[in-house]
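Below: one structure, written as structure tokens.
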Amino acid sequence: MTRIWAETALLADGWAGKVAVDMDESGRISAVSTGVERAAADAGRHVGVLLAAPANLHSHAFQRAMAGLSERRGPGAHDTFWTWREIMYRFLAAFTPETIEDVAAFVQMEMLEAGYAASVEFHYVHNQADGTPYADPAELSRRIVSAAGVSGIGLTLLPVYYATGGLDGRPLAGGQVRFRSDLDGFARIVEGAEDAVRRLSPDARSGIAPHSLRAVPAADLARVAAMRPDAPLHMHIAEQTGEVEEVLAVHGRRPVEWLFDNHAVDARWCLIHCTHLTAGERRAIATSGAVAGLCPITESSLGDGIFDGANYLAEGGVLGIGSDSNIRIALSEELRTLEYSQRLRDRHRAVLATPERSCGRRLYDETLKGGARAAGRDSGALAVGRLADLVALDGGALHLEGLSGDALLDAWIFAGDDRVVSDVWAAGRHVVADGRHVRRAAIEARYRKAMAGLRAAL
Ligand code: ZN
């Protein structure tokens, strides 16, 4: 058994002082006691502010390696998502299984240091650079799992099904051939991924991810959704207006309309982005139990548009946060960017706050709930029986000094940054201590070597 003692902690029923939290060998919270004097808790780790830690619900780990390399204009009048994607495809050709693993371990470490305890990897690089499957078709899925073994992050691995280059069924071309599979090949990748996840740790999960309506023909989507009927199912949807128009032209419906007309969308679904919705589509998601997987920094970086968070939450919608392109790994900045996007659009302040909960508290509560649901992970609250996915903030940090309750979250998210994160536990594994990942030096060395190789190959 391991014990943490916190000066203050946000429990499932609110803030409490002098809190002792015990974790058992299975990585779950076995006891929570309040009003415990520090001397009585001597054996454990002492922290300032203890919170449940969220899951990052959407990541493409390999893209961390191209962060910062796509900030130049192309020859056209406007640089867009589609030109960014061309750079990503060129970069992709240079990856080996080893560099995929080393970059993934590095970005998972950064996620942990930012305060996430878990990550949902939307993993779509399956093949060799020429499009040929590896001898083990799940080779690269196993590399993501190996990386999680190194970083200690709570992993939910979603092998991605990616079959076509557009709604007209055109074949994949260029960098996309590394993503390609047919249904039989995909079934083997899923089995391999599940095998690797089972060996990783009891808290690790797997699921399934049809990439998007662009990349998955309608008949295949039904087959893929039926392959693992109880597992998390994630899909990109309605990120770009170009994609909405293409789906409208081919199916006669907007993407989310078409999805709800053809599938029983429920709480196991996580719809990534949902940027361009009609009010009817927004209500359909909000009342379905599905999670809207928002990626505010990436959506800003790619110029996607602004999700309608205020109305969606008012309608009872569930949302969570993903780092997606991994251009920056910053939990507090994701939450701040989401709220600020609403303010800029509406020209109001504190848009996502409620009369009872401050902006920071509401953002954090919603992110915990949606992240756990999307990851299929029994986390998201500091309560007995839940996985011990926990983050501690340094109570002595200047941004937090003298504050209590929800103001601590507001100060972290709006006035500070993730440098206030002191400790993180993922299913009880103490992976960040004093603001640094416990294996940072080794993971960083492997990443530097991988990046040198990747940049030389460009
Ligand atoms: Zn994505």
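Order of listing sets the numbers, starting from 1, for every ligand and every atom in it.
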Q. Checking Asp195 side chain against Glu191 main chain: does a donor-acceptor pair fall under 3.5 Å?
A. no

Q. When you measure from the side chain of Arg373 to the backbone N and O of Gly289, does any donor-acceptor pair fall under 3.5 Å?
A. yes

Q | N, O or S of His273 under 2.8 Å from the Zn ion (ligand 1) | A | no

Q: Evaluate the ring planes of Phe179 and Tyr124, with Trp represented by its six-membered ring, and classify them as parallel (under 30°), tilted (30 to 60°) or perpendicular (over 60°).
A: perpendicular

Q: Could you tell me whether Arg253 atom CZ has more than 12 heavy atoms of other residues or ligands within 6.0 Å of it?
A: no

Q.
Only to 10 degrees, please: what angle do the NE2 atom of His58 and the OD1 atom of Asp324 make about the Zn ion (ligand 1)?
A. 90°

Q. Of all the atoms in His236, is at least one N, O or S atom closer to the Zn ion (ligand 1) than 2.8 Å?
A. yes

